[in-house]
J.: 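For reference, the structure I am asking about is given below.
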Amino acid sequence: MKAERIGIDIPVYDLSLIRDLWEGRVRKQKQRQKKEEERISKSALAKVNQQWQYRIACRKLKSAEVAALQCYLDRSCDQHLHAQHNDTETEDKKFIFKLNGDKWMKLPEDLQFMTYLREWHIHGTKICKIPTYIEAFVDLRVLDVPKNGLTKLPVEIGKLINLRELNVNYNKLLSIPAELGECENLERLEMTACGNLSELPFELSNLKKLKHLDMAENQFASIPICVLRMESLKCLDISSNRLKDLPEDIDRLEALETLFLHKNKVRYVPMTMTNLIHLKMLVISADELYSIPSQIVDSPDIKLIRLYENPINGPDEDMNTIMDAEAQDEYEKEFMKTYIETLQDRDTQPMYTTKVSLSCLL
């Protein structure tokens, strides 16, 4: 009879069999890890981590709102333009001019005679300037000219008194003409990644109907004065700039509902921010943020979204960091409560017995 049938153990002297068995298990484990990494890389959180290297800390955000925020953070020029196109599909096509593709070096000559147009949509061409004859297009409502390598806007743009939307994203503008402030009916202005823009003319403060202003990915070191005079502004995106502080008179923006401040180095949020009674969402980078009013943190009406910049790590480490941030917030609240109680006791104690003990968590 064969040995295995009667239960006799036969020693194996060839270690290569054991090695092959072990290496096979290692290969299977690596394959499982690879599949898990691929699954995580396709998740929504991984997309935010990969493209923005950010972690989001917000307990009030619903899943649909997280998806909407991610879509905004990951927005591309083409996606944004597509959304705008959907809004204009109901317009009569004979009033809309569209041009796209890098084969275009200049605008068609016949365009100058089509002054009845209400919308220009010029995307991704090599056209480097807008002609001065645009002043004749007094019925123009939408000037949508992103990603064309424009270096300047003509001063004649101030003649477009019926203009509602202006999109000059991803161009190479050196400045914004003061005459744009004469477009008194402008409601939406987008100038994301426009070269090295670092200031805006004060005349833009005349845009009293402006509701949406996107000035992200530029070189602004502070919020321009003209922006603080835009009374109807509801959404302001000044993310990815060089801001370190916010102006104390930011509460001038009485109608503000949404404020994007992420990818700046803002260190504190002034108390005057609490005067913005219509504020619904504040998105801010929290790595260097050391002070924010408790009224904003605790308000059930404000979605405070803090983004923590960090290279991609495991989900457990991400969660621990978020929990640490929340624990730090709780510590700061308790610290302030104790300090305030101590101050209240000062009035009832003799001066020579007053002693305040403070400790900081470093």
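Only heavy atoms go into these numbers, but all of them, side chains included; no hydrogens, no water, no symmetry mates.
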J.: Strictly below 4.0 Å, N to O, side chains only: are Asp245 and Arg267 in salt-bridge contact?
T.: yes

J.: Which distance, rounded to the nearest 0.5 Å, do you find between the OG of Ser239 and the CG of Leu261?
T.: 8.5 Å

J.: At what distance, to the nearest 0.5 angstrom, does CG of Leu189 lie from CG of Leu207?
T.: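 Between Leu189 CG and Leu207 CG, I get 7.0 Å after rounding to 0.5 Å.
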
J.: Does Arg306 use its side chain to pair, donor to acceptor, with the backbone of Leu304 at less than 3.5 Å?
T.: no

J.: With the side chain counted from C-beta on, respond yes when Trp120 and Ile134 share a heavy-atom pair under 4.5 Å apart, and no when they do not.
T.: yes

J.: Which atoms form the tightest heavy-atom contact between Val168 and Asn171, and what is the distance?
T.: O-ND2, 3.0 Å

J.: Parallel, tilted or perpendicular, judged at 30° and 60°: which one describes the rings of Tyr268 and Tyr290?
T.: tilted

J.: Using 4.0 Å as the upper bound for N to carboxylate O, is an ion pair formed by Glu190 and Arg188?
T.: yes

J.: Output yes when a side-chain donor or acceptor of Ser232 lies under 3.5 Å from a complementary backbone atom of Lys208, and no otherwise.
T.: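 Side chain of Ser232 to backbone of Lys208: a pair is present.
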
J.: Hydrogens and angles aside, do Asn167 and Asp144 bring a side-chain donor and acceptor to less than 3.5 Å of each other?
T.: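 Looking only at side-chain atoms, Asp144 and Asn167 do form a donor-acceptor pair, the distance falling under 3.5 Å.
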
J.: If we ignore hydrogens and angles and just use 3.5 Å, is the side chain of Asp139 paired with the main-chain N or O of Arg118 as donor and acceptor?
T.: no

J.: Testing Asp237, Asn218, Asp214 for side-chain hydrogen bond (donor to acceptor under 3.5 Å, both in side chains) with Thr192, which one passes?
T.: Asp214

J.: Anything under 30° is parallel, anything over 60° is perpendicular, the rest tilted; go ahead and classify His123 against His121.
T.: perpendicular

